[in-house]
Protein chains: 2
Amino acid sequence: MAEKKKTYLVLADKLIECYLGGNLKPGERLPSERELAVQFNVSRTTIREALRTLELNGLIDIRQGGGSYVKVSDIQSNKEEIITVVKAENPLVFEMLELRRALEAESSFLAANRATPADLEKLRIALHNMALSKQDPELGLKADLDFHIGIAEATHNSIFIELIHTLKGHMEETIRATQNHRFKDLSRYGDTINEHREIYLAIASGNGDKAKELMEGHITKIRAELVESMI
Amino acid sequence: MAEKKKTYLVLADKLIECYLGGNLKPGERLPSERELAVQFNVSRTTIREALRTLELNGLIDIRQGGGSYVKVSDIQSNKEEIITVVKAENPLVFEMLELRRALEAESSFLAANRATPADLEKLRIALHNMALSKQDPELGLKADLDFHIGIAEATHNSIFIELIHTLKGHMEETIRATQNHRFKDLSRYGDTINEHREIYLAIASGNGDKAKELMEGHITKIRAELVESMI
DNA sequence: TCGAGGAATTTGGTCAAACCAATGTTATAA
DNA sequence: TTATAACATTGGTTTGACCAAATTCCTCGA
């Protein structure tokens, strides 16, 4: 069904496409409201609503008498830098794992306070798939990843979400490395599933501190398994 | 510093205070734009900008011909959260702070287990400079930064070290934003110094769990100060 | 020639009145 | 009672005007 979009949002997108999508560098000025109104064939009022939208999203800076300027978002570029740092093909497996411990523990805490019913549903599905996957390593891998990513997404913090996706490759590697152990000793795989389930319950019940503690323990245990698998 | 706030943001706050601060339950309808314009003695245009702000922040739902309704909030949000959303100059500031909480808490934990005498010496110097800087904001800023960076370096985890340097700009911004409050109330600045000192002691004595807990509290407090400084 | 000061212009901020479009309400007729 | 048409309400958009801040540009004096 064709959703009817609000005009000011459509305009905001057009503005981004025309001016913020690379054609205008940070610090440069946009055309005046009156010019934009003519260009897009709408009233100044409507253009102003679109500009407000961009301002509230931190994309531009509006100054009375001055004009609208593309914001030099330290933070936006910071965000990209952070991703770059983490992305760097790092052979530093254990350092990465420490980063994951930091990120995922805090994610669990935040998720417990913010997860929507839809977020929780995703986590339940991942849990369920994992339980079904005792004989299927690939399904297990995917479900395991889905669970960890699902928690990050439940924080609704865009930086955490991007970072966890950046770390996906590393997580996959780690899981594969430890899978041999897990499948040799099925009870251990069961332990992992139980840990996930407990983390889920803590998040679903809104117990942030407990969720964080459990996730810390979980990743510490992964580290131990990784050490074993390398012996 | 008497910042001149944009009218529509001020109005958005008033609307929250009058209607979303508990007096109106989720699902209930706000007065019409025309009524609100009369009530706050501004034009309908201005009221509309304020309502847009609330809509963009997901607090209300505006339906043509229907009216504006308080949204059933996805995330469990207390009043402070709401204020935060509306006030945030850059929506990513608080996301960044959450990232810092994750990184610096884990850093403190790791530092407590790995800090060398040289690492500890650096932290002591930063602490000392901070104590000396009650009258010198710039020195205080640098000492504050040095302390946080020093902890990351004491982890000897290259990823953490790179990340904290990437976040330096953001940290500086946050410290500056909260400095006004700190210097208005010197006892509060003393609190900050004491928090740093306690974190140092926990690290120096090898108590990782305590160091982590203290750092978490410290950054949570920074967040609260940041919220205050924006009101 | 250069710089300071100030007037004129540009640009965003606010207001008012009108009309359109979608929704909600009420009255009417089957 | 129900379906429908007329009306009222409410948000959406346009226009034009004026205010306030910032910028631009010109003049004048050193």
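Bear in mind the structure is a predicted one, so any value in this text is a computation, not a measurement. Keep in mind that the numbers below use all heavy atoms, side chains included, and drop hydrogens, waters and symmetry copies. Proteins get letters first, then strands, A, B, ... in listed order; numbering begins at 1 in each.
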* Asked: Starting at CD1 of B/I62 and ending at P of D/dT13, how long is that distance when rounded to a whole Å?
  -> 11 Å

* Using whole Å, report how far CD of B/Q64 lies from P of D/dT10. => 14 Å

* A/R52/A/E55 salt bridge by N-O under 4.0 Å criterion -> yes

* Using side-chain contact (heavy atoms from CB on, under 4.5 Å) as the criterion, list what pairs up with A/H128, not counting sequence neighbours. => A/L132

* To do: May I ask you to say what A/R63 touches in the nucleic acid, namely base, sugar-phosphate or nothing, with a heavy-atom cut-off under 4.0 Å?
  => sugar-phosphate

* **Geometric class of the A/H196/A/F147 ring pair [parallel <30°, tilted 30-60°, perpendicular >60°]** => parallel

* Structure fact -> Per the under-4.0 Å heavy-atom filter, residues of residues 43-52 of chain A near DNA chain C come out as A/R44, A/R48, A/R52

* Asked: Where each residue is assigned the nucleotide of DNA chain D containing its nearest heavy atom, which of A/Y69 and A/V42 is assigned the position nearer the 5′ end?
  -> A/V42

* Atom-to-atom span, CG of B/L30 to C1' of D/dG11 - whole angstrom -> 13 Å

* Exceeds 12 heavy-atom contacts within 6.0 angstrom, atom NZ of B/K221 -> yes

* State the dot-bracket string of DNA chain C. Criteria: Watson-Crick or G-U wobble, both atom distances under 3.5 angstrom; notation: ( ) intrastrand, [ ] crossing earlier pairs, | interstrand, . unpaired. => ||||||||||||||||||||||||||||||

* Rounded to whole angstroms, how far apart are OH on A/Y8 and C1' on D/dG11? -> 12 Å

* Which residues share a side-chain contact (heavy atoms from CB on, under 4.5 Å) with A/E213, sequence neighbours left out -> none

* Structure fact -> For A/S32, the side-chain contact (heavy atoms from CB on, under 4.5 Å) test, sequence neighbours excluded, returns A/R34, A/E35

* To do: Starting from C1' on C/dA16, measure out to CG on B/N41 and report it in whole angstrom.
  => 13 Å

* To do: Before accepting this row, confirm whether a basic side-chain N of the pair A/E121/A/R124 lies closer than 4.0 Å to the acidic partner's carboxylate O.
  => yes

* **d(CD, A/E33; P, C/dT9) in whole Å** => 21 Å

* **Euclidean distance, atom CZ of residue A/F40 to atom C1' of D/dT14 [Å, nearest integer]** => 18 Å

* Within this structure, what is the CZ-to-P distance between A/R34 and D/dT14, rounded to whole angstrom? -> 16 Å

* Structure fact -> For A/K210, the side-chain contact (heavy atoms from CB on, under 4.5 Å) test, sequence neighbours excluded, returns A/A202, A/N207, A/L214

